Amino acid sequence: MKSQSGHMNPSKNLPTRISLLQRAQSGSDHPDWDELLQYYEPFIRRFLISMGIPTSDVDDVCQQVLSRLWQELVNYRRDAEHARFRTWLARLIRNVAINDYHKRKRAQRVGGVHLEGSDEIARGSNDLEQRVESEWQRHVVRLALERMNRIFSGNAVEVFLRSTEGETSEVIGKSLGMSVPSVYVLKNRVKKRLAREVKLLREQLEFPDTSL
């Protein structure tokens with residue numbers, strides 16, 4: 001059961017960041033890897049698109065990335081001498097994308113196949129870490145907003161989203177048949193819970209060496 005006040009607690013059974021990522025690192029075949037994929041696969045797909053991978057190739061390249069991630073995650077170590085996890089992941093994504101690009105380039109030369117996309121994929125990017133951080137922040141917020149739709153009923157999430165788009169409480173209240181104080185209450189409840197869910201997601205999905 002859920003309510004506009006959001007009193008249910010869907011996060012109480014979430015695994016900790018240690019259980020989810022460390023068990024995935026073990027290389028064993030277990031449900032934690034599948035759960036990790038549910039969160040990271042959409043992120044990887046969006047990052048590939050941001051790199052300029054053609055839409056027609058995204059599925060294939062994404063599967064290559066996931067295969068490499070499965071093979072190499074066990075070797076990642078969280079300490080000061082190694083890259084932060086998302087930096088490490090971004091480099092893995094880029095390396096797979098570049099290798100795939102060159103493979104398709106060779107096929108183009110041999111078979112005369114037209115290669116979509118840009119040589120920029122092969123050149124990589126100097127702002128890789130900044131880009132992966134920005135995309136990750138957006139991804140976590142998307143995940144948290146999905147939870148908001150399950151936690152809150154009625155107009156609560158709509159009220160919050162419309163307020164973030166710059167609509168005044170008066171306009172929102174008038175269009176939804178609500179009082180201005182009610183709009184304020186719902187907006188603040190969703191905002192507070194959203195911040196909490198973002199924090200929970202980051203604890204679940206990120207290694208401790210990831211800073212805010």
Side-chain angles (χ1 to χ4, degrees), residues 14-111 113-143 201-211:
L14 289 178
T16 65
R17 56 186 172 182
I18 297 298
S19 66
L20 186 57
L21 287 173
Q22 286 193 328
R23 289 180 187 175
Q25 275 193 301
S26 72
S28 301
D29 186 13
H30 49 67
D32 292 276
W33 174 252
D34 293 333
E35 185 174 0
L36 192 69
L37 291 187
Q38 290 176 15
Y39 291 114
Y40 273 95
E41 184 172 357
F43 167 70
I44 291 170
R45 289 177 59 85
R46 289 191 182 100
F47 194 68
L48 289 171
I49 292 171
S50 76
M51 290 178 62
I53 302 297
T55 303
S56 58
D57 297 334
V58 168
D59 285 342
D60 181 46
V61 180
C62 182
Q63 290 306 310
Q64 293 180 52
V65 171
L66 293 175
S67 178
R68 282 281 300 278
L69 180 60
W70 170 248
Q71 297 171 31
E72 300 186 18
L73 181 61
V74 66
N75 297 319
Y76 174 76
R77 293 294 179 269
R78 306 186 308 277
D79 60 53
E81 296 180 1
H82 294 77
R84 297 168 64 202
F85 177 69
R86 281 196 303 281
T87 302
W88 176 88
L89 177 60
R91 291 171 182 169
L92 185 150
I93 294 171
R94 182 184 63 183
N95 290 341
V96 170
I98 289 174
N99 289 340
D100 182 79
Y101 175 84
H102 286 306
K103 179 180 71 176
R104 294 175 190 273
K105 266 287 194 182
R106 289 192 294 271
Q108 179 189 36
R109 288 196 297 269
V110 172
V113 178
H114 174 66
L115 183 67
E116 297 183 25
S118 167
D119 287 344
E120 185 177 347
I121 297 172
R123 291 195 294 268
S125 173
N126 294 327
D127 63 347
L128 182 69
E129 185 170 359
Q130 180 180 351
R131 287 173 58 196
V132 75
E133 284 297 319
S134 297
E135 184 58 46
W136 178 254
Q137 299 306 327
R138 289 192 291 269
H139 181 58
V140 171
V141 171
R142 289 188 194 103
L143 293 174
L201 279 164
R202 297 197 65 167
E203 289 175 351
Q204 180 186 5
L205 300 175
E206 299 176 2
F207 280 114
D209 63 352
T210 302
S211 60

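Note: hydrogens, waters and symmetry copies are ignored here, and every other heavy atom, side chains too, is used. Every value quoted in this text rests on a predicted model; they were computed, and no experiment measured them.
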Q | Side-chain H-bond candidate by donor/acceptor type, Q71 with S67, under 3.5 Å | A |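 Result is yes, a qualifying pair exists.
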Q. Side-chain donor-acceptor pair under 3.5 Å between E35 and Q204, yes or no?
A.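 Looking only at side-chain atoms, Q204 and E35 do form a donor-acceptor pair, the distance falling under 3.5 Å.
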To the nearest 0.5 Å, how far apart are [atom1] in [X] and [atom2] in [Y]?
X	Y	atom1	atom2	result
I44	I49	CD1	CD1	12.5 Å
L36	E41	CG	CD	11.0 Å
I53	D60	CD1	CG	10.0 Å
F47	S134	CZ	OG	9.5 Å
Q64	D59	CD	CG	11.5 Å

If every non-hydrogen atom of [X] is compared with every non-hydrogen atom of [Y], which pair is closest and at what distance?
X	Y	answer
S50	R131	O-NH2, 2.9 Å
A97	V61	CA-CG1, 4.2 Å
F43	L89	CE2-CD2, 3.9 Å

**Q.** side-chain contact (heavy atoms from CB on, under 4.5 Å) evaluation trace for R86 with R91
**A.** CA-CA 8 Å; R86 281 196 303 281; R91 291 171 182 169; over 6 Å; no
Q. Would you call the rings of F85 and Y76 parallel, tilted or perpendicular if under 30° counts as parallel and over 60° as perpendicular?
A.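 Correct class here is perpendicular.
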Q. Passes ring pair (Phe, Tyr, Trp, His ring centres under 6.0 Å), W136 versus Y40? Steps please.
A. CA-CA 9 Å; W136 178 254; Y40 273 95; 4.9 Å; yes
Q.
Please evaluate residues L73 and W88 with respect to the criterion side-chain contact (heavy atoms from CB on, under 4.5 Å), reporting the C-alpha separation (whole Å), side-chain torsions for both, the decisive distance (0.1 Å), and the verdict.
A. CA-CA 10 Å; L73 181 61; W88 176 88; 4.2 Å; yes
**Q.** Charged N-O contact under 4.0 Å between E135 and R142
**A.** yes
Q. Among all residues two or more places apart in sequence or in another chain, which pass the salt bridge (charged side-chain N to carboxylate O under 4.0 Å, His left out) test with E72?
A.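 Salt bridge (charged side-chain N to carboxylate O under 4.0 Å, His left out) check on E72 returns R68.
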Q) Would I93 and V132 satisfy side-chain contact (heavy atoms from CB on, under 4.5 Å), going step by step from the backbone distance to the final call? A) CA-CA 10 Å; I93 294 171; V132 75; 5.7 Å; no
Q) Is the closest side-chain heavy-atom distance between L143 and L205 below 4.5 Å? A)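 Of all side-chain heavy-atom pairs linking L205 with L143, at least one is under 4.5 Å.
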